[in-house]
Asker: 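This is the structure I have questions about; it appears just below.
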Amino acid sequence: MTLRRQLIILIIMLFVLLFIGTFTINVHNTRGYLNDQLKTISQDTATSLGLTLSPYMAESDVIAMEAHINALFDSGYYRDITIYGMDGNVIVERSDTVPPRQVPGWFISMFPLETPHGESLIMSGWNQAGSVHISANPEFAYIRLWATCIQSLFWFVGSFIVIFGLALVAIHYVLRPLRAVERQAEAISNKDYVVQTRLPWTLELRRVVTAMNLMSGKIRDIFSEQEEALERIRAAAYTDNTTGLANRAYFNMRLNHMMQAGSTHDMMQPGDDFAQGVLVFLEIANLQAINNQSGHSAGDALLRGVSDLIREQIEKSSASEAFAARLSGSTFAIALSGTSERTGADFAYALADALPSLHEKGLAPTDEIGHVGFACRHDQTLQQLLSEADMALRAAQIQGKNAVYAHKKATSDEFDRLTATQWIALLRNVVECRQHTLLLQSTFEIADTSKVVQSEVLLRIANDEGRLIPAGIFIPMVNHHGLTQAFDRMVIEDVMARLEKPNPPSEPIAINLMPPSIRDPEFVMWLVTSLREKPAIARQMLFELSEYAISQNLHAAQVWAEQVRPTGARLGIEHFGRGNTSINHLAQLRPSYLQIDGSFIRGIDQNRDNQQFVDSVVRMAHSHDITVIAEFVETPQEIEMLKSLRVDGVRGYALSRPVVWHKDGTESADPCDASGEAAGTPEDTKEEE
């Protein structure tokens with residue numbers, strides 16, 4: 001019960017008690033007064049009538065006595081008048097036994113009035129001739145008592161209405177600071193550390209508000225310190241101090257994860273999948289000479305200029321995801337995921353063409369800035385890919401200033417030869433004919449790896465010949481040809497239909513959404529409407545956004561989350577750690593969980609930097625009531641390490657492989673995984689992004 005309601009009930013009870021007490025005292029006093037009046041009237045009238053009737057009694061004039069008694073009785077103020085002779089016989093008698101007619105009978109029964117008799121002697125000279133007995137009629141007293149009670153009731157009701165209204169107004173203003181404190185507490189629970197600038201005038205409430213402000217500030221400082229500590233750990237372990245790009249350790253870890261995941265996992269997204277991608281190397285020419293001639297500050301300025309140039313080109317790139325790193329003193333690397341050889345070449349030449357601008361800015365003594373070499377991903381290992389990119393860079397250095405050289409891969413991919421028209425036809429056929437396969441991969445509670453906490457939907461498509469298309473190939477094409485909303489809608493409709501089948505999965509089902517979808521008002525409206533129409537299914541659905549996608553447009557993600565959350569569906573964040581988005585910013589989306597990127601999980605039992613990073617992420621996430629899930633878990637040793645780091649859930653081949661989710665709602669083993677080896681290649685499966 002709210003404090004407002006308790007105060008209202010208390011006020012009503014006090015008024016009722018006050019009314020009962022005052023009414024009782026008022027009625028008791030009025031009854032006593034009226035009883036005394038009736039007694040006085042009866043006795044005074046009896047005495048007066050005894051004196052008046054004495055001459056008539058002496059003469060035995062009964063007619064005269066009756067005339068006097070009738071005149072007195074007919075006034076209505078008396079209930080009975082009786083004259084007795086000396087022998088006790090009644091000489092004259094008048095009485096009225098009709099109860100009062102203007103007062104309710106229940107009132108008379110509840111508040112009875114006494115009707116005392118007045119008695120007086122009738123004398124004949126000095127001798128007693130008889131007696132007279134008179135009882136006053138209480139009807140007028142009852143009328144007066146009834147009127148008094150009614151007036152008291154109306155007065156109390158009127159007073160109650162006025163005072164109660166004033167009390168409600170007072171309660172409103174008194175409790176307004178408490179409502180502000182409540183909103184402040186809710187804001188703090190939602191990780192919004194507001195401070196009230198308007199303090200209440202009530203001393204006790206002022207102290208409460210002051211304490212809440214102090215607590216809000218301290219919690220904000222604690223989280224800020226934790227976030228700063230996490231950023232320091234991230235920067236120290238994975239960031240180059242001079243340029244702000246990733247360092248060699250992070251680049252190798254990330255690229256190694258993407259390439260190994262591509263050969264062992266069935267759950268690839270274009271950001272995970274390097275089945276189609278380009279690795280670009282850029283090396284600054286004569287950096288050591290610049291350091292010797294102009295000092296290290298000039299060399300550092302050139303390095304920062306090159307890194308800014310790389311960032312600008314990455315922003316213009318059409319790659320599904322790209323990241324850059326400084327590998328050594330003068331060498332930079334850029335990995336472009338989900339892009340073709342032609343697009344990679346365009347990126348490399350655009351980067352080389354922009355290099356002379358650094359000389360124009362005064363950052364380099366000549367317009368010979370560096371050289372660019374790149375290699376495309378096919379079926380080589382990480383070391384082979386790095387070697388090919390390095391050989392291309394050395395070949396570019398031979399060709400001249402700011403030259404670009406491409407390492408030619410030995411084989412060609414049939415998907416590279418598809419025209420735009422063929423791609424559009426293939427992808428539209430998938431959507432219109434529902435030519436796709438859904439798979440599920442479970443996430444387990446780390447404390448009890450037999451307990452499934454949720455399952456993630458994986459999408460697989462094939463070309464007309466039945467060959468599976470890598471996610472890193474068809475997802476960029478889906479984005480490029482504006483079919484992201486159609487694909488996301490296809491998967492969501494399919495999942496909701498299967499959840500309505502008999503014996504659906506009991507755990508929540510997670511669906512990855514592509515960034516353009518959440519920025520499309522029409523798609524968001526359709527999604528919200530669909531979820532509202534089926535609230536039971538909506539409560540079983542999870543929607544995941546990658547940290548990279550959120551960092552591109554945090555406001556759009558917040559707007560989308562605010563519209564979807566009331567339907568009962570929940571939000572998750574995947575691939576945390578790839579970008580530089582802070583957990584405090586992500587917490588504004590109020591996600592149920594976040595998944596740490598697999599590049600930090602692979603081999604975590606042997607990497608202290610990754611252990612420290614994951615430990616900091618878990619601490620920050622738990623302080624925001626966000627569950628932490630580790631993806632791409634491969635070994636029992638990794639599970640034990642993650643358990644010691646207090647991660648909540650794990651997903652990966654160490655625990656389960658994806659299973660095919662049929663249209664009738666049943667599940668079966670993946671036929672592409674029949675050998676027990678990894679389910680095909682990254683070319684097989686795609687996790688909606």
Asker: Restricting to side chain to side chain donor-acceptor pair (under 3.5 Å), what partner residues turn up for D615, sequence neighbours left out?
Answerer: R619
Asker: Which pairs, with at least one residue in residues 281-296 and sequence neighbours excluded, count as a salt bridge (Lys or Arg N to Asp or Glu O under 4.0 Å)?
Answerer: E283-R394
Asker: Excluding sequence neighbours, so at least two apart, what forms side chain to side chain donor-acceptor pair (under 3.5 Å) with D520?
Answerer: Q485
Asker: Mind checking salt bridge (charged side-chain N to carboxylate O under 4.0 Å, His left out) for D308 and listing every partner two or more places apart, or none if nothing turns up?
Answerer: R311
Asker: Salt bridge check: are D494 and R434 linked by an N-O gap of less than 4.0 Å?
Answerer: no
Asker: Would a distance-only check, ignoring hydrogens and angles, find a side-chain to backbone donor-acceptor pair under 3.5 Å from H359 to A364?
Answerer: yes
Asker: What residues, two or more places apart in sequence or in another chain, satisfy side chain to side chain contact (heavy atoms under 4.5 Å, CB included) together with N402?
Answerer: L355, P356, I369
Asker: Taking side chain to side chain donor-acceptor pair (under 3.5 Å) as the test, write out the residues that go with Y250, two or more places apart.
Answerer: R254
Asker: If the condition is side chain to side chain contact (heavy atoms under 4.5 Å, CB included), which residues does T243 pass it with, not counting sequence neighbours?
Answerer: D240, L245, L303, S307, R326, F332
Asker: If the condition is side chain to side chain contact (heavy atoms under 4.5 Å, CB included), which residues does N429 pass it with, not counting sequence neighbours?
Answerer: C433, Q435
Asker: Hey, mind stepping through F374 and L279 against side-chain contact (heavy atoms from CB on, under 4.5 Å) and telling me if it holds?
Answerer: CA-CA 5 Å; F374 68 94; L279 179 61; over 6 Å; no
Asker: Tell me, please, which residues at least two apart from K361 pass side chain to side chain donor-acceptor pair (under 3.5 Å).
Answerer: none
Asker: Under the ring-ring contact (aromatic ring centres under 6.0 Å, His included) rule, collect the residues that match up with F444, sequence neighbours excluded.
Answerer: none
Asker: If the condition is ring-ring contact (aromatic ring centres under 6.0 Å, His included), which residues does F323 pass it with, not counting sequence neighbours?
Answerer: F251
Asker: Please name all residues satisfying side chain to side chain contact (heavy atoms under 4.5 Å, CB included) with Q293, sequence neighbours left out, ordered by chain then number.
Answerer: A289
